[in-house]
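Contents: one structure, followed by commentary.
Source: prediction; values computed, not measured.
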Amino acid sequence: METRVAVVAVIVRQGGAVAELNDLLHQYARYIIGRMGVPYPARGVNVISVAMDAPADAISALSGKLGRLPGVTAKTVYAPEAALQS
């Protein structure tokens, strides 16, 4: 199975979505390389980055599911495939 390296950037504006967000991340845990969360109380948001090595459809599915949560925005950046070949 071919995989891609990507980072899913997540902005959480409402605390009510955190449990669902964590549940989704748990479901995709086998693909997650690492994650970092930074609270930013001055602006009322939390910023989370999720590094993944997964099939493109799994990355897209997680990003889409996260983005459909209330108060959550998610965007994905893929590493260039040429940069990963050595």
*asked:* Rounded at 0.5 Å granularity, tell me how far CZ in Arg68 sits from CG in Leu66.
replied: 9.0 Å
_Main chain of Ala79, side chain of Arg4: is a donor-acceptor contact present, judged purely on distance under 3.5 Å?_
yes
*What are the two closest non-hydrogen atoms of Tyr28 and Ala61, and how far apart are they?*
OH-CB, 3.5 Å
*Minimal non-hydrogen separation, Gly67 against Ala74, with atom names*: N-CB, 4.0 Å
*With respect to Val10, which candidate in Thr73, Leu69, Val47, Leu21 satisfies the side chain to side chain contact (heavy atoms under 4.5 Å, CB included) definition?*
Leu21
_Closest heavy-atom pair and its distance - Asn46, Tyr40_ = OD1-N, 4.2 Å
*asked:* To the nearest 0.5 Å, what is the distance between NZ on Lys65 and CG on Asp23?
replied: 10.0 Å
*Of the non-hydrogen atoms in Met52 and Leu62, which two are nearest, and what is the gap between them?*
SD-CD2, 3.7 Å
*Could you state the interatomic distance from CD1 (Ile59) to CD1 (Ile32), rounded to the nearest 0.5 Å?*
10.5 Å
*Co-membership, hydrophobic cluster, residues Val5 and Ile48, 4.5 Å side-chain*: no
*Search all heavy atoms of Tyr78 against all heavy atoms of Ala6 and return the closest pair with its distance.*
CD2-CB, 3.8 Å
*Is it true that Ile11 and Val7 fall in one hydrophobic cluster, defined by side-chain heavy atoms closer than 4.5 Å?*
no
_On a heavy-atom basis, which atom in Tyr31 and which in Pro55 lie closest, and how many Å separate them?_
CE2-CD, 3.5 Å
